[in-house]
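What follows is a short report on a single structure.
In each ligand, atom 1 is the first atom listed, and ligand 1 is the first ligand listed.
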Amino acid sequence: MFEEELRELEENGLLRRLLPRNSPQGPVITVGGKEYLNFASNDYLGLAGRQELLRAAGAAGRKFGFGAGASRLLAGGSPLHEELEKAVAAFKMTDAALLFNSGYTANTASIAALAAEGSTIFSDELNHASIIDGCRLSRARVVIYRHRDAGHLEDLMRRERTDRKVVVTDSVFSMDGDIAPLPEIYALCRRHDAVLYLDEAHATGVLGGGRGALAHFGLAPHPRTIQMGTFSKALGSFGAFVAGDRDVIGWLTNTARGFMFSTALPAPVAAASLASLSLLGKRPGLVRRLWANTQKTAEGLREIGYDPGPAETPILTIRRRSQGDVLTLSAFLWGQGIYAPAIRPPTVREPRIRLTLTAAHTAGQIRALIKAMGEYGREAR
Ligand SMILES: *Cc1c(COP(=O)(O)O)cnc(C)c1O
């Protein structure tokens with residue numbers, strides 16, 4: 001079964017393989033007994049391997065054990081889950097927050113719960129797969145607007161007659177690294193009395209001093225603004241949250257199926273997320289270093305003739321004409337001890353190398369990347 005399908009993927013350069021890592025996540029990782037400079041993780045602040053997280057998780061494990069054993073609704077939660085929700089609400093300046101087991105679950109469960117039959121969801125064409133799946137799970141009408149095009153969104157919103165309108169967008173687009181035009185979208189939502197659902201997976205810990213895209217643009221959370229975010233990327237832990245108005249969170253607690261019918265996060269995971277949020281508060285220098293590293297890398301790439309994309313977030317993209325080209329470049333870098341993955345359809349339309357910078361990368365590691373990219377450029381010419 002599926003033999004032919006798999007062969008077809010392979011022939012089209014689309015077969016994916018798992019890459020086991022034998023070291024903590026970080027700027028240098030071990031794969032197959034060899035060290036590689038890592039430009040592929042979303043561990044933006046370099047927190048995933050930090051002892052503070054492990055210590056917090058260990059202490060929580062000794063107190064509550066590891067497995068949660070049941071859904072939150074059936075006493076699977078702990079005081080740490082509630083403490084974390086309070087910390088998230090304070091961090092996001094909202095009434096309340098609810099934990100989910102992953103960002104993927106948060107989106108599929110919440111979007112389906114918020115947009116019932118008779119609602120219309122407006123979704124950016126480049127939104128994350130979990131948003132697309134959440135839209136599919138909802139019984140709502142789904143209207144796709146052109147990437148970051150608030151004018152197009154406005155036209156579509158004006159034409160739609162339904163009572164409940166929900167606009168859903170990534171605040172940072174995961175494969176392009178560009179930022180949604182939130183001031184325009186936020187104003188549109190106010191004008192049309194629409195719900196704004198933001199996916200802050202790549203904005204949390206990165207934009208607005210770490211607080212996210214609303215803080216980045218100086219926008220206040222409105223009761224009809226819902227902020228979803230993850231602990232799994234810049235915060236170096238695992239799991240996700242949705243933060244918003246008290247009644248919205250109450251509704252999700254009662255109707256979001258991916259919350260209700262799934263075992264709670266282990267208490268040690270909640271503890272690690274708490275430790276990470278606290279680190280973020282205490283070390284504003286981490287976010288600044290992340291930005292300095294991003295700018296340094298983007299400039300270095302431009303100097304040797306590459307276009308790293310908008311470089312307004314730590315996600316830099318090097319686009320190439322063909323799948324083959326991207327795979328060759330990625331393989332060349334791999335040969336030089338650098339992990340910079342090729343991103344291909346169906347994840348994106350145009351194949352590219354996606355580089356992610358972190359606060360933990362050193363100047364020397366960034367120079368090594370630029371040097372290898374330069375060598376490839378000379379060879380290709
Ligand atoms: C990674 C990601 C998710 C999923 O989060 P996980 O915690 O990894 O499941 C959701 N949305 C966006 C935009 C993402 O990049």
For Ser130, state whether at least one heavy atom is located under 4.0 Å from any atom of ligand 1. yes
Would [X] and [Y] pass as an ion pair if we require N to O under 4.0 Å?
X      : Y      : answer
Glu154 : Arg191 : yes
Glu125 : Arg349 : yes
Lys86  : Glu82  : no

Which residue in the set Arg354, His147, Arg319, Arg148 passes side-chain hydrogen bond (donor to acceptor under 3.5 Å, both in side chains) when paired with Asp176? Arg319
Quick test: of every protein heavy atom, which one is nearest to [atom], and how far off is it to 0.1 Å?
atom                    : answer
atom 2 (C) of ligand 1  : Lys233 NZ, 2.3 Å
atom 4 (C) of ligand 1  : Tyr104 N, 3.5 Å
atom 11 (N) of ligand 1 : Asp199 OD2, 2.6 Å

Quick one: which ligand 1 atoms are inside 4.0 Å of a heavy atom on [X]?
X      : value
Gly103 : 4 (C), 5 (O), 6 (P), 7 (O), 9 (O)
Asp170 : 13 (C)
Ser232 : 6 (P), 7 (O), 8 (O)
Ser174 : 15 (O)
His202 : 14 (C), 15 (O)
Ala201 : 2 (C), 11 (N), 12 (C), 13 (C), 14 (C), 15 (O)

Give the table of side-chain donor-acceptor pairs shorter than 3.5 Å for residues 206-214, with sequence neighbours excluded, one pair per line with atom names and distance.
from, atom 1, to, atom 2, distance (Å)
Arg211, NH1, Phe91, O, 2.6

Scan Asp133, Ile131, Leu137 and name whichever one has a side chain to side chain contact (heavy atoms under 4.5 Å, CB included) with Cys135. Ile131
Glu85 side-chain N/O to Leu99 backbone N/O, donor-acceptor pair under 3.5 Å: yes
